[in-house]
Each structure stands twice: as structure tokens, then as C-alpha cells.
Amino acid sequence: MSAAPHPRELLLIGGGGEMTLSVDVAVQALEQARARGLRTHVTNRADTLAATPAVTAAADTATAVDFARPGDTADWAAGRAADGERPALVFGVREMAQEAVAATAHALELPGNPPAAVRRIRTKDACRAALAAAGFRQPAVRVCRDASEARAFLAATAGPWVVKPRDGADSAGVRKVTGPDDLPAALAQLPDREAPFLVEEFVDGREFSVEGVFVGGSPRVLAVTAKEKLPPPYFVEIGHVLPADLPEETRRSVEETVTAALTALELRFGLFHVELWLTAEGIVLGEVHVRIGGGWIHRMLPHVRPGLELYGTVYDDALGLPVDLPTRLPAPERAAAARYFAPPEGRVTAVTGWDAVRTHPAVLHAELRVGPGDVVPGFRSGGDRVGAVVVGAATPAEARELARELVASVRFTVEPMEPVDAVDTGDDVPEVRVDLEPRPLTSSFRISHMTIETVDHLRLRLLQGERTVGEGEITADSGYGQDGPAIAAEAEALARTLAAARDDAHHGADGADPVAPLRAALEKAAADGVGAPARMLVEMAFLDRAARRAGVPVWRLLGLPAPGRVRLLHTVPIGEDIPLDGRPLKIKLGGADDEQILRSLLGVPAPLILDANRGWDRQDWERLRPLLAELAPAVLEDPVRDPALLPAIRAALPGTAVVLDEGIATAGDAAFAVGTAGGLNVKLMRFGGILPALDALTDATEKGAARMLGCFLEPPRAIAYAAQLAGLCDWSDLDGHFWVSDDRPVPSYGLDSDAPGIPRIAYTPEPARGEAAAI
């Protein structure tokens, strides 16, 4: 008897991103595949799979494969196919995954776009060149590698101009430039300051996009969308109306131009989203994408064209099923509009009117991702949006007006953040002010050798008049030998010395590194015996100042990867109840009840990080070893007082990362931890700030060591400062502020990572397991 045939499979490469919109798109794509009897398999990066449970729940299976390496994805899929697991269809809904989709479809000889064609449109200057060669209007553009090349292009062309990454999405790093004086700030906003970038002529015209699907290899236009953007220098879209209210002749011209361009670019599969401008000289084409547009267009299109299934149409066409879609569609008979919230920057203290909006009968979708206590960043890219309202109506004008009215009816009370001194050029010596305040914890915190009840809160500000131009903030805990008054005095003296220093970097010399003089001064301070907490406090304030002056967040000033979402361990001090809800747990041990606690953890369906704070001796280890072997924790932190026991512990727990924390404060200590235990926990308060901590993490990464990013009981600003390194670590133990502030514990948080200076923690709700979006 032969085995039953496997059901046909959709391979969705790249899954969904962490933003609610991206999750919603991916879930819809999977649901429409399931409705056709397709089995679904999702691939994505491991961290994003973990962060998007709604997507994995909607799929039959999921595998961690990095779509940023198209060849690796194609090889992986070819290996599955050789083992009899060959998909019937390869698809992707994310911009950054399209090259991997094309490469995989090509390798498996399945329907798809030519890899070279996708690579061409993903490289913006190459796409511009191809369109210009085919006779389509294009703005002048140049690939630049540094500021001097950009200035040369400005001198040779008529402005204004736009600086943008060579590839990217969500308008991240895109900025208008009116002259050479605007260049430094624009270049500082680029996501990768070492990569080549584009400078192109600014197009003056109304902006639209064209949405459609390929059927039988030919483009079919579904609608033209009108766009509204916030004023320059940034280009963040604030609203969409679909269909665009255009004269019939203009609409036909737009559709014909776009379909001709897609054909010239040799694109033939999936969905498309093409941006363009209507100018006095005619149609100027913008960027070309082989995926559906953002801005909730995937919700708007099925409303204006009832019965349309965007992804289902692609699947039916690829599988040879009939597709009922005329070559030229009439204009839609009803309309939809989307509008984003744009509250002022600052910390939200109250929101009113939201319930009435989300229950309005015309609302197709509504979401709001900020509430009291959250920080609203400046709007510099699509990633800074905090919510949206999508509505349906009879006409484009009615839809546009209703979306605007509903968004305006939601009132935000926002507490402004400390202002950035726009005239701080470094020429004036800032005043140094240090404040110290004893602060009780919200609840006591017990570890193996002490119970903490109170910490000293220290704040160091650099002032120009009454304006704060740089700020550091830490707490000192006497239990760890951290003397608050002594730290305050050390930090104030060091900050005054640095503030009075004069060098080329402070005066903005072209090409000068604003970090190098600070690094050198802090290294000298360490050699002179200035304590690590004082150095961290000073480093925070001066890096904050340097980043504000550059108009970038600290992580970008240092060339770090974007922090992304910080997934937390849930720390459980000794004596507190252990939650059993599946989140990663960091259990404090080293007390008399360790054996009982370990037994209670048997069978817990969560990654376990056990921290004994050097609470065990040889006898304790031998007694607990069988339980630890059975538990097989993900991480064992500072298990024993005697480091001579560490080789035996590592041998007994081969699947467990062993990391050292206590006493790891210098490069030599870090090397010892890596060599002896195979891993380390880096705390900025021990190392003296982000600069020496970064050096330790970089060295540990090169040696293949396990890396944890930790903290003491510290204020939110210090936690956010450390969280800029989260992308370099395997584990983030950055929840110490929950005992110091009124912030309620959460499993993860983001940072307002594009705001100049030190980012702040930004709490936003996440989709519940199995849900597509939080509404």
C-alpha cells in the first residue's frame, strides 16, 4: 500500500516582521494559503520567529533560516526538496526577503521573479539607471561613499536633494537636503554610516503608488493610491487614500506607465507596489517593489474590490488555477483611507477618545501602540509610527475626511522630554550638576548574600544655561560596595575636567571622531583610579551630548546595530513565587532552599537561567548536580565560589552555557571568564560604561563565548543605555528598573531608537499568542 501523498506546500520566506502590520500581512498570506488546502512552512530569523508567535501559530511548521543570505535560503530549500519536501510555491511578503524568495524559486524551478531583476530593483540606483535606460523619467542620482562625494554631487546639480540608503524600507534614513550645511545631519541619520548611500534630486510633485498583481506573467493594476507625507526633512507617510481621486485620463496614463515599467524591468510574479510623482513635466517613477504596499493597503484593497484575495490570487495563478481578473479593471466603486497618529514627542500621560474610535462602524482596522508611560519618538521613519486608523467609505473624499476626523478625536496628553540645546556646538564649557537622592525599592530584592531595600539615585547633567545638553543617570548600591556620595564626587570632578577640555572633535572639525577623545579621557581616568560607576555616569552624559549634537542616537554614533526589541529574562529573587507561564526565567539561588526550588522547576516549559551568585561550594555542587543535569538549564551563572570547579561543571552540563558575573569588571576579567567558564555577563556599572563593555563583548564574540547583558537595580535611563548593546548578546537581563521605578514588568520592550542622544524605553503592547494584531 503506497503512502499518502504530501499536501502541496507554500514556503513563506521571511515570515513577518515584529511590527503589527507585518504580522497581519503574513497571517493573511498564510490563511489564504490554508483556504486552498496548502500546507504552510514559514522561515525567518530565529529571534523574529520567537517574537512573532501569531505568524508561527498560523503556519504548519517554521524553521530558522536567515533570509538576508539568499543563497543560503535557496540551498536549504534545495536540500529539503532533495529529501522529498519540495514546496509547490515560494512566496514572501517582506521587502528584505524578496531576493531570497527569487533565488529559492529559481533554484527549485518554481514560478518567481528573475533573481537579477529583484536584485536590480532592491538596489535603488540600479533601478533608476534601468528605468532611465528604458526611457522613463528619473531624477539624477549618485552613489556616494563619503561626505566629499555628496558635496560634489550637490555642486553639480540643482537642489534640493534627498539623502537615502542604497536599499531599505519605511523611509528609514531618508532626509531632504537643501544645501551643503544640511549634509552632516542627513548622513548621521543613515542606518549604516559605513555603507555607500544615495544622493538624488528632490522631485517636486504629488506622490502616488500603484498596487497590483501579476497574472500569467503580466501586471494587472488593482488601484492607484494617493499618499500624504509629513513635511520634510523626513518623508514619513501619514495617510493613504485608495483609490486616488484622479481624472480618468490621468489614471489610465499612470497605469500604462507602471505596467510598461514593470515589463521593462523583467518582473513577472507576485504582487507589486510602484511609487511615482505627478509633476509639471509628467510622470516620474520612484521605487519599485515586488510586494504589497505598507500603510495597511492590504486591508484597504479588499474593501474597495470586494471578493479580492491578494495572496490567493498569486497562489491560484502560480498553481495553474483560473484567475477571474480582467486585464484592465474599472475604477473601484468604493473607497478606503488610512491615517497614522502623530502625537507630539514626549512621555504620554493620558489618552482619551480611543474607545470611540476603535468601535466606529466604518473602521476596518485600528491600533494604538502607546499609552500612559510610553515615550513617543520623533517621526523619522515608518518604524516610529504609534498607531493607525483604517476606514471604508463611499468616496475617496469621504474616506480621507473620516480617517482624519477619527485620528484627530484621539487626544494625547504628553509630557515634553528635556529639550535638546540646538545651539550647543561644543564651543561653550557646559556647567556640571550632580544630584543624589536615596530611593527605596518598590519591593525588596534578595540574592544569596544580601537583601537590597534602598539605592542611591545619581543624576549628572551638562547644562547650557538651564538647558540640559547631556545627561547620565545611575543608582549606587552599598551592598555591592557602591558608595553614592563618593561616586557623585568622583563623577563631578571627572565631568568638570572633561567639560573644560578643548579639542578638534569638540569644535566639530570635519571628519573628527567625537568619541575618540572621550574614550581616551575615560581610559586615563580608569588608570588614575576613578571608579567604574563614576566613569559610567560621566560617559553617559558626554555620549548623550555628542549624539544630540550629531542628531543621532548613541547606538548609531557608536556604529552599533539597531537595538530592535529587547526580550527580557524574568528575574525571580530568592523567596518570591516563580511564574510558570512560559517566559524565560532567571532564578536567583544560593540559599537554603535551592534543592526544593530546583525540584519545583522540573518540567517547567521555559528556558531556565539559574544564578547562584557564587553561593555554592563543592559540597553544594555535588549535592545539586543530579538535579541540575536533569533540568539542563540554558544558562548557569556564577554557580560556585571556587573557579577551580568550573571545568567539572561545564563537563557535567554540556548543553548549558556557564557565565561569570561577580568580579568581571576589566578586559582581563572578561578574558578569564571566557577562558574558564566559556561565557560572561557584562554589566556597564562594573566595566565603567558602554565603551569598555563593548570591547569586552566584541572580544567574547570573536572567541565564540556565551554573552549575557546584565544590570544592577538601575533607573530606566541606565537600562535603556545598556540595552543599545542587546543586539550583540545571547541573553538580556535588563529588568533591574522594575524595582527602582513605577514601570510595570513586561516580557520585552523597545527603545525610541531614532531619537538623538540616549534612547528611552518605549513600552508597546504585543500581539497575544494566536492573534494577528493588537487592537
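Atom-to-atom distance recorded for L49:CG and T43:OG1 is 7.5 Å, nearest 0.5 angstrom. Taken from CG in D477 to CD in E714, the straight-line distance is 10.0 Å, to the nearest 0.5 Å. With rounding to the nearest 0.5 angstrom, the CG atom of L598 is 5.5 Å from the CG atom of L589.
Ring pair H570/W731: centre-to-centre distance not below 6.0 Å. When ring centroids are compared, Y749 and H737 come within the 6.0 Å threshold.
Listed for the T56 side chain is a donor-acceptor partner under 3.5 Å among the backbone atoms of P53. No donor-acceptor pair closer than 3.5 Å links the side chain of R535 to the backbone N or O of L522. Checking side-chain atoms of N44 against main-chain N and O of T63 turns up no donor-acceptor pair under 3.5 Å. Q98 contributes a side-chain N or O that, together with a main-chain N or O of G92, makes up a donor-acceptor pair within less than 3.5 Å. T666 places a side-chain N or O within donor-acceptor distance of the main-chain N or O of D669, the cut-off being under 3.5 Å. Side-chain atoms of E18 do not come within 3.5 Å of backbone N or O of A51 as any donor-acceptor pair.
Within 6.0 Å of CZ on R623 lie more than 12 heavy atoms contributed by other residues, nucleotides or ligands.
With L709 as the partner, the side chain to side chain contact (heavy atoms under 4.5 Å, CB included) test is satisfied by one option alone out of D730, L684, D733, L728: L684.
Ionic pairing of D544 and R717 is present here: one or more N-O contacts between side-chain nitrogen and carboxylate oxygen are shorter than 4.0 angstrom. One finds no salt bridge joining D83 and R80 here, because no Lys/Arg side-chain nitrogen approaches an Asp/Glu carboxylate oxygen to under 4.0 Å. Using a 4.0 Å cut-off between a side-chain N of Lys or Arg and a carboxylate O of Asp or Glu, D661 and R686 qualify as a salt bridge. Using a cut-off of 4.0 Å between Lys/Arg side-chain N and Asp/Glu carboxylate O, R34 and E31 are scored as not salt-bridged. With respect to the salt-bridge test (charged N to carboxylate O, under 4.0 angstrom), the residues R760 and E473 do not qualify.
Nearest heavy-atom pair across L660 and A677 is CG-CB, 3.7 Å. Residues P639 and I649 approach most closely at CG-CD1, 3.9 Å, considering heavy atoms. Nearest heavy-atom pair, V538 versus A491, reported as atom, atom and distance to 0.1 Å: CG2-O, 3.4 Å. Closest of all the heavy-atom pairs between I452 and L441 is O-CD1, 3.3 Å. Heavy-atom minimum distance, F672 versus P643: CZ-CB, 4.0 Å. Taking each heavy atom of V23 and G17 in turn, the nearest pair found is CG2-O, 3.2 Å.
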* Asked: Could you walk me through whether R707 and T701 pass the side-chain hydrogen bond (donor to acceptor under 3.5 Å, both in side chains) check?
  -> CA-CA 8 Å; R707 298 148 300 161; T701 301; 2.8 Å; yes
* Asked: K588 and V572: side chain to side chain contact (heavy atoms under 4.5 Å, CB included), yes or no, with the steps?
  -> CA-CA 6 Å; K588 291 290 188 178; V572 183; over 6 Å; no
* Please assess L694 against L725 for the test side chain to side chain contact (heavy atoms under 4.5 Å, CB included), listing each intermediate value before the final yes or no. => CA-CA 7 Å; L694 176 59; L725 296 174; 4.0 Å; yes
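Counting only heavy atoms from C-beta outward, the side chains of V659 and V635 approach each other to under 4.5 Å. Counting heavy atoms from C-beta on, the side chains of V515 and L558 come closer than 4.5 Å. Residues E85 and E9 form no side-chain contact, since every pair of their non-hydrogen atoms from C-beta on lies 4.5 Å or further apart.
Sequence neighbours left out, the pairs with a member in residues 631-648 that pass side-chain hydrogen bond (donor to acceptor under 3.5 Å, both in side chains) are K586-E637, E637-N681.
With 3.5 Å as the limit, one finds no donor-acceptor pair spanning the side chains of S732 and R567. For T73 and D66, the side-chain atoms include no donor-acceptor pair closer than 3.5 Å. Between the side chains of H41 and T61, a donor-acceptor pair is found at a separation under 3.5 Å.
Residues satisfying the side-chain contact (heavy atoms from CB on, under 4.5 Å) criterion with D695, sequence neighbours excluded, are R519.
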